[in-house]
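Below is one structure, written out as structure tokens; comments come after it.
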Amino acid sequence: MSQASLDDIKDILDHYDQDSVLIDGMQYHFRPNALQGASLNARYNELTGQDHPTFVKAQEQILEEQIKNGQGISVNGNPTVYEQLKSNNMETGNHNHILNRTNEIILNPQEASLEDISSLLNYFNGKPVLIDGVAHHPFNDQMSASKLNDRYKELTGQNHPVFAEQAPKVINDLMKDKDMLIQAGAYGTDYFDKLEQIKQGTQQTTKIQNNEESKKVFTEERDKQRQLDASVRTQQINAMQQANQNTQEMQQMVSETTQDNSIGDMSR
């Protein structure tokens, strides 16, 4: 969809408010679903700079019906994709979106660029992204995210900010169901031990980063104050020197005036 021509997109969206179309005496049921329609309109907007009028008129009603019927799945307690679409709170991407390369990057983090690592971690445990008519729910696998963050830290010396924020949330949610997950055989105790290590390591690194940032801010403020103090002292010294110079000039003028108004030891 994100590569379709304007003519093709327009031909579909012109009939978006219809359930079917009659072609050469045959009825074709073709209406795209709400997610596909949103992606088609995103491509139309990209090519024309505006939304398709038929789509705008029909989409709100379609979404309301989906929401009313309880369609869609809520992930991580977020609203459903239909509710997010209705509130214009869903990102729409194209075939080049970083989420389309999730597996490639996670499997080979050492070969990925810093930009790709950082871009993918920006979506860790995040909201869904609509790509070519499909809602892609970003990865929330803690081990995969840790691999990416290790590579990011190797290249930058710091934790990725989104990873530092989301990792404790993901780990805490898993820890709440630890006993049930172990009993069900989903994970072993070693997995949760590893999660605890990741959490502690992330918090420790973040604490060090915060301390370093605090020191940096303190140093910058101290240097600014020193520069201000030095500037004030310079101004005071200059003012004192000017005052002394003015005093000397006045004394010189008085001396010259006294000499002009005296003859020998007698003054006029």
Side-chain angles (χ1 to χ4, degrees), residues 45-46 49 78 87-93 96-99 105 109-127 129 138 140 142 145-172 196-268:
N45 189 294
E46 179 185 350
N78 293 320
S87 61
N88 293 318
N89 195 29
M90 180 181 287
E91 178 185 344
T92 302
N96 292 321
H97 198 280
I98 194 69
L99 289 183
I105 295 171
Q110 294 299 320
E111 297 178 12
S113 67
L114 174 60
E115 181 182 0
D116 285 347
I117 295 286
S118 182
S119 296
L120 187 54
L121 279 173
N122 281 334
Y123 289 93
F124 172 50
N125 200 40
K127 295 181 179 180
V129 179
N140 65 349
Q142 182 59 50
S146 296
K147 284 174 57 179
L148 295 178
N149 186 65
D150 287 344
R151 177 58 175 162
Y152 181 88
K153 189 160 55 174
E154 179 184 334
L155 295 171
T156 66
Q158 297 182 334
N159 282 323
H160 189 278
V162 173
F163 176 85
E165 177 188 1
Q166 295 297 327
K169 297 179 183 179
V170 173
I171 292 174
N172 288 339
E196 192 61 43
Q197 292 174 11
I198 293 172
K199 181 180 177 181
Q200 291 177 0
T202 302
Q203 291 174 337
Q204 183 177 3
T205 303
T206 301
K207 184 177 180 180
I208 293 172
Q209 289 176 205
N210 290 339
N211 289 338
E212 290 176 349
E213 185 64 27
S214 297
K215 290 179 182 177
K216 180 181 178 182
V217 172
F218 171 78
T219 301
E220 290 175 350
E221 292 299 322
R222 182 195 62 190
D223 292 343
K224 288 179 183 178
Q225 188 60 47
R226 286 178 175 175
Q227 292 175 1
L228 179 61
D229 292 344
S231 176
V232 170
R233 283 197 299 271
T234 300
Q235 292 175 4
Q236 290 173 339
I237 291 171
N238 291 338
M240 291 175 62
Q241 290 175 342
Q242 185 65 45
N244 289 337
Q245 183 178 347
N246 292 341
T247 301
Q248 290 174 0
E249 291 175 353
M250 289 294 295
Q251 291 174 344
Q252 181 67 28
M253 291 175 61
V254 170
S255 174
E256 291 175 354
T257 302
T258 303
Q259 292 175 3
D260 291 342
N261 290 287
S262 63
I263 300 176
D265 295 330
M266 297 183 295
S267 299
R268 290 187 209 172

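Note that the structure is predicted; figures quoted are calculated from it, not measured.
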The criterion is side-chain hydrogen bond (donor to acceptor under 3.5 Å, both in side chains); which residues satisfy it with [X], sequence neighbours excluded?
X: T92; value: none
X: Q110; value: R151
X: N172; value: K199

Side-chain contact, heavy-atom cut-off 4.5 Å: [X] with [Y]?
X: Y152; Y: L120; answer: no
X: V170; Y: F124; answer: yes
X: N122; Y: H160; answer: yes

Any residue meeting side chain to side chain contact (heavy atoms under 4.5 Å, CB included) with E46, in chain and number order, not counting sequence neighbours:
R43
Can you name the side chain to side chain contact (heavy atoms under 4.5 Å, CB included) partners of N89, sequence neighbours left out?
S87, K127
Starting at [atom1] of [X], measure out to [atom2] of [Y] and round the result to the nearest 0.5 Å.
X: I198; Y: D150; atom1: CD1; atom2: CG; result: 8.0 Å
X: T202; Y: Q200; atom1: OG1; atom2: CD; result: 10.0 Å
X: S146; Y: I171; atom1: OG; atom2: CD1; result: 6.5 Å
X: E115; Y: L155; atom1: CD; atom2: CG; result: 12.5 Å

Salt bridge (charged side-chain N to carboxylate O under 4.0 Å, His left out) with E165: which residues, sequence neighbours excluded?
K169
Specify the closest pair of heavy atoms between [X] and [Y], including all atoms of both residues, with the distance to one decimal.
X: L148; Y: I117; value: O-CG2, 3.4 Å
X: I105; Y: A112; value: CG2-CB, 4.0 Å
X: A164; Y: N159; value: CB-CB, 4.3 Å

L99 vs Y123, side-chain contact (heavy atoms from CB on, under 4.5 Å): CA-CA, chis, key distance, verdict:
CA-CA 8 Å; L99 289 183; Y123 289 93; 3.9 Å; yes
